[in-house]
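Everything below concerns the one structure shown next.
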Amino acid sequence: MLTWSPAAIFILFQMSGHIAKYRGKRCDNDEWLIDSGLIYDDEFSNHRASIFDCATGNFEEVRAGTVSQFTGLHDCNGKEIYELDIIRLRTLVGIVMWHPYMTAFYINADARIPSINNTYATLGEMWKSYRHDITVIGNVFEPQYTGKTYEQVLNELNKSRR
């Protein structure tokens with residue numbers, strides 16, 4: 001059986017021209033591990049995941065619930081937009097999420113669960129038209145949102161906007 005080292009896998013990703021980039025909060029110090037190319041999710045545990053740290057060449061353990069993927073887009077200030085970031089687009093405040101039926105990132109402003117019956121404009125479509133108006137204002141992992149549902153987070157943010 002052929003096995004691949006993490007470094008060899010990362011090199012293959014680099015050669016393909018598309019590197020999936022992830023972030024996650026480290027287990028040892030709760031800081032973000034960003035600029036990482038691979039993720040390993042422990043299939044036997046919902047609480048363990050590791051991200052390949054490009055700087056050290058090692059897999060670092062992160063809290064599985066904090067892992068989110070880079071969308072490939074930047075906000076109007078040049079900040080990278082990740083899955084589960086909270087963004088503002090003019091008067092709209094929403095959470096960047098993955099829509100499994102549209103197979104694309106979108107801005108969830110109503111906290112509805114994606115279904116095949118509800119479609120949204122994709123984040124990419126919104127970015128094409130409004131890239132100068134999209135601003136990352138946080139993410140759902142910030143301490144003030146701990147233990148809250150997406151609906152509660154959005155309601156809180158929209159109340160503060162009024």
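Quick caveat, the model's predicted, so the values are computed rather than measured.
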Please report the interatomic distance OG1(T122) to CZ(F105), rounded to the nearest 0.5 Å.
11.0 Å
Should L157 and V153 be marked as a side-chain contact (heavy atoms from CB on, under 4.5 Å) after you check the CA-CA gap, both sets of side-chain angles, and the distance that decides it?
CA-CA 6 Å; L157 287 163; V153 170; 3.8 Å; yes
Pair D85, K79 - check salt bridge (Lys or Arg N to Asp or Glu O under 4.0 Å), show working.
CA-CA 11 Å; D85 274 349; K79 187 172 182 175; over 6 Å; no
So, Y106 versus W98, ring centres under 6.0 angstrom or not?
no
Regarding E60 and R26, does a basic nitrogen lie under 4.0 Å from an acidic carboxylate oxygen?
yes
Heavy-atom closest pair (E142 atom, I137 atom, distance to 0.1 Å) is OE2-O, 4.4 Å
Applying the side-chain contact (heavy atoms from CB on, under 4.5 Å) test to K25, which of T66, L33, V67, V62 qualifies?
T66
Which of I86, L84, D110, N108 passes side-chain contact (heavy atoms from CB on, under 4.5 Å) with Y150? It is L84
Taking CD in Q152 as the centre, count heavy atoms belonging to other residues, nucleotides or ligands within less than 6.0 Å. Is the count above 12?
yes
Before giving the answer on side-chain contact (heavy atoms from CB on, under 4.5 Å), spell out for Y130 and C76 the whole-Å C-alpha distance, their side-chain angles and the decisive distance to 0.1 Å.
CA-CA 9 Å; Y130 303 106; C76 64; over 6 Å; no
Quick one, T71 with Y82, criterion side-chain contact (heavy atoms from CB on, under 4.5 Å). Give me CA distance, side-chain angles, the key distance, then yes/no.
CA-CA 5 Å; T71 64; Y82 282 83; 5.8 Å; no
Grab the two heavy atoms, one from E80 and one from V136, that are nearest each other, plus how far apart they are.
O-CG2, 4.1 Å
So, using salt bridge (Lys or Arg N to Asp or Glu O under 4.0 Å) as the criterion, who are the partners of K148 when residues are at least two apart?
E156
How close do Y145 and N139 get, heavy atom to heavy atom, and via which atoms?
CD1-O, 3.4 Å
For E151, is there an ion pair with R112 - N to carboxylate O distance below 4.0 angstrom?
no
Closest heavy-atom pair and its distance - S68, F141:
OG-CE1, 4.2 Å
Looking at P100, is its backbone amide N or carbonyl O close enough to the side chain of T103 to form a donor-acceptor pair, meaning the two atoms are under 3.5 Å apart?
no
Can R88 and D133 be counted as an ion pair, charged N to O under 4.0 angstrom?
no
A side-chain contact here means heavy atoms from C-beta on lying under 4.5 Å apart; do F70 and R23 qualify?
no
In short, N77 meets D75 closest at the heavy-atom pair N-OD1, 2.8 Å
Nearest-0.5 Å distance, NE2 of residue H132 to CG of residue L89:
12.5 Å
Looking at G94 and I107, what are the two nearest heavy atoms and their distance?
CA-CG2, 3.7 Å
Derivation of the side-chain contact (heavy atoms from CB on, under 4.5 Å) call for I87 and L123:
CA-CA 11 Å; I87 64 170; L123 179 61; 4.2 Å; yes
